[in-house]
There are 2 protein chains.
Amino acid sequence: MATAARARHAAPDTRTAVFEAAARAFSARGFDGALVDDIAADAGVNKAMIYYHFKSKLALYRAIVRDMLHGCGDVVGEVATRPEPAAARMRAFIAAFVTLADARPWFPPLMMRELSEGAPRLDAATLALMRVVFGSFHRILADGQASGEFRPVNPVLAYLSVLGPLRMNAARERAASRPGRNRLPMFAMVSHADLTDHLQESALRMLKASRL
Amino acid sequence: MATAARARHAAPDTRTAVFEAAARAFSARGFDGALVDDIAADAGVNKAMIYYHFKSKLALYRAIVRDMLHGCGDVVGEVATRPEPAAARMRAFIAAFVTLADARPWFPPLMMRELSEGAPRLDAATLALMRVVFGSFHRILADGQASGEFRPVNPVLAYLSVLGPLRMNAARERAASRPGRNRLPMFAMVSHADLTDHLQESALRMLKASRL
DNA sequence: GTCTATAAATAGATAGAC
DNA sequence: GTCTATCTATTTATAGAC
């Protein structure tokens, strides 16, 4: 988000307000569903300011996606290179993803949507950031397989098994948060501590070299 | 889709063409992103026909979601009540979901999107259908836990672990299908046979009562 | 940096002829 | 059942004053 470069300006951070309102809107309603007027209103800012600070609706959207993936890449890159056994790093990777999703709750739905549409709005630089995140996961997996901790599995399928439930839970939480939905069993509240535990346990059971 | 009631009409099935084009469009671009003009063009039909056969864009969308969930509920309901051990039914449940996703490839992305937006377009009847699907899953899980085949797990989390990877794979396939994406490791081709095997193995490892 | 007013394009929907 | 033409509302974006 590069706030440092703007710190000297006197203005209350309009740009940040726009960024955050837009992140919420794009996540909740998609690129086409999110309206620039609504983003401006939610940010408490005049619509023209959005075009002043960002070039266009698309440029604003891209800035948000890049910010997400940058933060993500830094964190999981650090986790993947720790001098620890692969199983411990896998647990840390999952915990980091849950934490990241808590810090940027708009991330998982927005990314799922973008992928579902064929990721038409992602440029090469952004795809490279996605590759970094997958690369960190793959490193942990490959290390665990080399050391005999993990069994052989397709890295792409293993990645889906770890991230898929997390992203589906984010979608589920959105639907559950609407009034009148609490009664449905599949929309029951689940704490993120329980979510983390379950994902870690499931991932290690999926990967552990031991027989069942 | 209730094709029987229209079989006596002479016309080539315009309604079906609209339905299928709309399913593709809503899945690929979302409710707001899909344009009625594009749907008409893709179906090879005049735009006014869409409003003749369906009341509105929203009514068309809802018809598609209901169709999906109906087909799904019927299949998994049958699987859940088979006189087989829970583990076998869990395998069948997963295989059925992969098959359903192959028959209606627009289903997983569309549903993920709808949930991510808080499912604002789903009425009570449609939510009830979702409940039926989850109920079938829950029945298999509870039977397995009662018989000692499965360990205790939160049913919602278990459901996410089974369906999340499937839905994320659908999103991944969309993004992978665009030109120039083949090089990225996370967009590598994965057969649905391998996908099914992996999901079944992962689910049973997640659920099996045995120690690791 | 901020606001008002408005341009320019587009989308969902319908009237009415055939 | 099908098509043409069009209405109405909305939406992205900008020009220009302050």
Side-chain angles (χ1 to χ4, degrees), chain A residues 1-65 113 117 120-121, chain B residues 1-65 110 113-114 117 120-121:
Chain A
M1 227 152 73
T3 49
R6 266 167 288 98
R8 74 182 82 86
H9 291 152
D13 208 333
T14 297
R15 187 187 169 96
T16 301
V18 169
F19 184 96
E20 288 172 359
R24 281 192 294 274
F26 285 134
S27 177
R29 320 210 21 200
F31 182 79
D32 295 298
L35 308 185
V36 178
D37 280 302
D38 291 348
I39 293 170
D42 187 23
V45 152
N46 189 281
K47 177 167 68 159
M49 293 310 297
I50 292 180
Y51 294 95
Y52 175 77
H53 283 290
F54 299 89
K55 210 190 63 166
S56 66
K57 185 182 180 182
L58 180 59
L60 172 56
Y61 181 86
R62 284 185 166 147
I64 291 165
V65 176
R113 253 236 230 3
E117 297 180 9
R121 294 178 267 273
Chain B
M1 221 155 77
T3 48
R6 267 167 289 98
R8 73 183 81 87
H9 290 153
D13 209 335
T14 297
R15 187 187 169 96
T16 301
V18 169
F19 184 97
E20 288 173 358
R24 282 191 295 273
F26 285 134
S27 177
R29 319 212 22 196
F31 182 79
D32 295 298
L35 308 185
V36 177
D37 281 299
D38 291 349
I39 292 170
D42 186 23
V45 154
N46 189 281
K47 176 165 69 157
M49 293 310 295
I50 293 181
Y51 293 94
Y52 174 78
H53 284 289
F54 300 89
K55 210 190 64 161
S56 65
K57 185 183 179 182
L58 180 58
L60 173 55
Y61 181 85
R62 284 185 167 146
I64 291 165
V65 176
L110 201 159
R113 249 228 209 48
E114 184 61 31
E117 297 179 7
R121 298 175 199 94

Can you tell which of V45(A), V36(A), D42(A) makes a side chain to side chain contact (heavy atoms under 4.5 Å, CB included) with V18(A)?
V45(A)

Calculate the interatomic distance between [X] atom [atom1] and [N] atom [atom2]; express it in whole Å.
X      : N       : atom1 : atom2 : answer
F31(A) : dT11(D) : CZ    : C1'   : 12 Å
I50(A) : dT12(D) : CD1   : P     : 9 Å
D32(B) : dT10(C) : CG    : C1'   : 14 Å
D37(A) : dA13(D) : CG    : P     : 11 Å
D13(A) : dG1(C)  : CG    : P     : 9 Å

Taking all heavy atoms of R15(B) and all of H53(B), pick out the closest pair and write down the distance.
NH1-O, 3.1 Å

Have a look at A34(B) and say if it touches a base, only the backbone sugar-phosphate, or nothing, with a 4.0 Å heavy-atom cut-off.
sugar-phosphate

Specify the angle, to 10°, made by the local axes at the two ends of the helix from dG1(C)-dC18(D) to dC18(C)-dG1(D) when five pairs are taken at each end.
0°

Do R62(B) and F54(B) form a cation-pi contact, if we require the NZ or CZ to be under 6.0 Å from the six-membered ring centre and within 45 degrees of the ring's axis?
no

Run the numbers on I39(B) and F26(B) for side-chain contact (heavy atoms from CB on, under 4.5 Å), then give the verdict.
CA-CA 9 Å; I39(B) 292 170; F26(B) 285 134; 4.3 Å; yes

Hey, could you give me the [atom1]/[atom2] distance between [X] and [Y], rounded to the nearest 0.5 Å?
X       : Y       : atom1 : atom2 : answer
R121(B) : R113(B) : CZ    : CZ    : 9.5 Å
I64(A)  : R24(A)  : CD1   : CZ    : 10.0 Å
F19(B)  : D13(B)  : CZ    : CG    : 11.5 Å

Using nucleotides 3-10 of chain D, report all nitrogen or oxygen pairs with the protein that are shorter than 3.5 Å.
unit_1 : atom_1 : unit_2 : atom_2 : d
dT4(D) : OP2    : N46(B) : ND2    : 3.4

Just to confirm, is there a sub-4.0 Å distance from OP1 or OP2 of dT14(C) to any side-chain nitrogen or oxygen of Y51(B)?
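Checking Y51(B) against dT14(C): no side-chain N or O falls below 4.0 Å of OP1 or OP2.
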
Applying salt bridge (charged side-chain N to carboxylate O under 4.0 Å, His left out) to K47(B) and not counting sequence neighbours gives D37(B)

Within-4.5 Å side-chain heavy-atom neighbours: K57(A) and F31(A)
yes

Using heavy atoms and a sub-4.0 Å distance, could you list which residues of residues 55-65 of chain B are near DNA chain C? By number, please.
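Those residues whose heavy atoms fall under 4.0 Å from DNA chain C, taken from residues 55-65 of chain B in numerical order, are S56(B), K57(B).
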
Quick one: side-chain hydrogen bond (donor to acceptor under 3.5 Å, both in side chains) partners of Y61(B), sequence neighbours excluded?
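Checked Y61(B) against side-chain hydrogen bond (donor to acceptor under 3.5 Å, both in side chains); matches are E114(B).
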
If the condition is side-chain contact (heavy atoms from CB on, under 4.5 Å), which residues does A59(B) pass it with, not counting sequence neighbours?
K55(B), S56(B)

